Structures are given as C-alpha cells and as structure tokens.
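Computed from a predicted model, the values in this text were never measured in an experiment.
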Amino acid sequence: MRFGFLPGLLLPLVMFLAMYLARYNEVGFWEYVQNLWRFFMLIKLLTLCVLPNLLLFLYFIRMKYDLAARGVLMATFLYAFFVVISKVL
C-alpha cells in the first residue's frame with residue numbers, strides 16, 4: 001500500500017507547486033499561500049489538486065495493483081479529512 005499512498009500524497013502537492021510555477025512564480029511562494037488563505041481559496045485549490053489522484057487510482061486499478069490503488073484512496077481520504085476539518089474550523 002505504500003506504493004500507492006506516497007504518490008497519492010505527493011501528486012496533489014506537485015500539482016499545487018506546478019500551478020504556482022506556471023502562473024504566479026513572480027510572487028514568493030509563502031506570500032502566494034498566504035494570499036490564497038486570506039481570500040479563502042487555499043482549500044479550494046488543494047481540493048482541485050487532488051483530482052489527478054483519480055487518474056492514478058484508475059491506472060493502478062487497470063494494472064491490477066489493487067493494494068497501490070487502496071493506498072491512493074487512503075491518501076485521497078486523508079486530504080478529504082483535512083478539507084472537512086478546515087471547513088469546520
């Protein structure tokens with residue numbers, strides 16, 4: 001399951017960094033994150049960054065790597081838990 005859990009955790013972060021580098025690299029990274037937090041966009045953007053996990057999950061299912069797919073699903077649920085907790089607070 002580690003084979004799917006680690007990529008499932010890292011892929012959304014890589015996507016978040018890629019979005020930053022593609023559009024807002026003239027602004028400092030922490031200033032970018034603070035602006036997203038200030039305008040209540042950070043959680044929404046992180047939620048969108050989790051979407052590539054769906055492709056990774058489907059790839060693992062198609063290749064019959066069921067435990068790796070389960071790891072990706074666990075990582076996605078971890079992100080979902082983070083989003084729900086952030087909405088409550």
Just checking Y79: does its OH atom have more than 12 heavy atoms from other residues, nucleotides or ligands closer to it than 6.0 angstrom?
yes
Minimal heavy-atom distance between A69 and I61, with the atoms involved, is CB-CD1, 3.7 Å
Exam field: side chain Y32 to backbone E26, donor-acceptor pair closer than 3.5 Å
no
#### Entry: Flag side-chain contact, heavy atom, 4.5 Å: L17 against L21
yes
Exercise. So, do V83 and L46 sit near enough that their side-chain heavy atoms are less than 4.5 Å apart?
Worked result: no
field: Pairwise side-chain contact, F16 with L48, heavy-atom cut-off 4.5 Å (strictly under)
entry: no
- Item | Shared hydrophobic cluster for V50 and L58 (ILVMFWY, side-chain gaps under 4.5 Å) | no
Between the CE atom in M74 and the CG atom in L67, the distance rounded to the nearest 0.5 Å is 10.5 Å
- Query: Could you walk me through whether N35 and E31 pass the side-chain contact (heavy atoms from CB on, under 4.5 Å) check?
  - Reply: CA-CA 6 Å; N35 286 336; E31 183 179 348; 4.0 Å; yes
Rounded to the nearest 0.5 angstrom, the CG-CG distance for L11 and L6 is 12.0 Å
Does L54 share a hydrophobic cluster with Y59, counting links as ILVMFWY side-chain heavy atoms below 4.5 Å and allowing steps through other members? yes
Point to revise | From CA spacing to verdict: side-chain contact (heavy atoms from CB on, under 4.5 Å), I85, F81 | key: CA-CA 6 Å; I85 293 298; F81 180 71; 3.8 Å; yes
Between M19 and C49, the two heavy atoms sitting closest are SD-SG, 3.7 Å
Between the CG atom in L56 and the CG atom in L51, the distance rounded to the nearest 0.5 Å is 13.0 Å
Check: Linking I/L/V/M/F/W/Y whenever any side-chain heavy atoms sit under 4.5 Å apart, do M63 and L73 land together?
Finding: yes
### Query
Are more than 12 heavy atoms from other residues, nucleotides or ligands located less than 6.0 Å from atom CZ of F29?
yes
Is the F3 to F60 ring centre distance short of 6.0 Å? yes
CZ (R2) and CG (L9) are apart, to the nearest 0.5 Å, by 13.5 Å
When rounded to the nearest 0.5 Å, the distance separating CZ of F57 from CZ of R62 is 13.0 Å
Say whether, by atom type as modelled, one donor and one acceptor occur between the side chain of Y20 and the main chain of V27 under 3.5 angstrom.
yes
Exercise for review: Check whether W37 and F39 end up in the same hydrophobic cluster, where Ile, Leu, Val, Met, Phe, Trp and Tyr are linked by side-chain heavy atoms less than 4.5 Å apart.
Suggested key: yes
Here the pair of heavy atoms bringing G8 nearest to A75 is C-CB, 3.5 Å
- Query: Between V72 and P7, is any pair of side-chain heavy atoms under 4.5 Å apart?
  - Reply: no
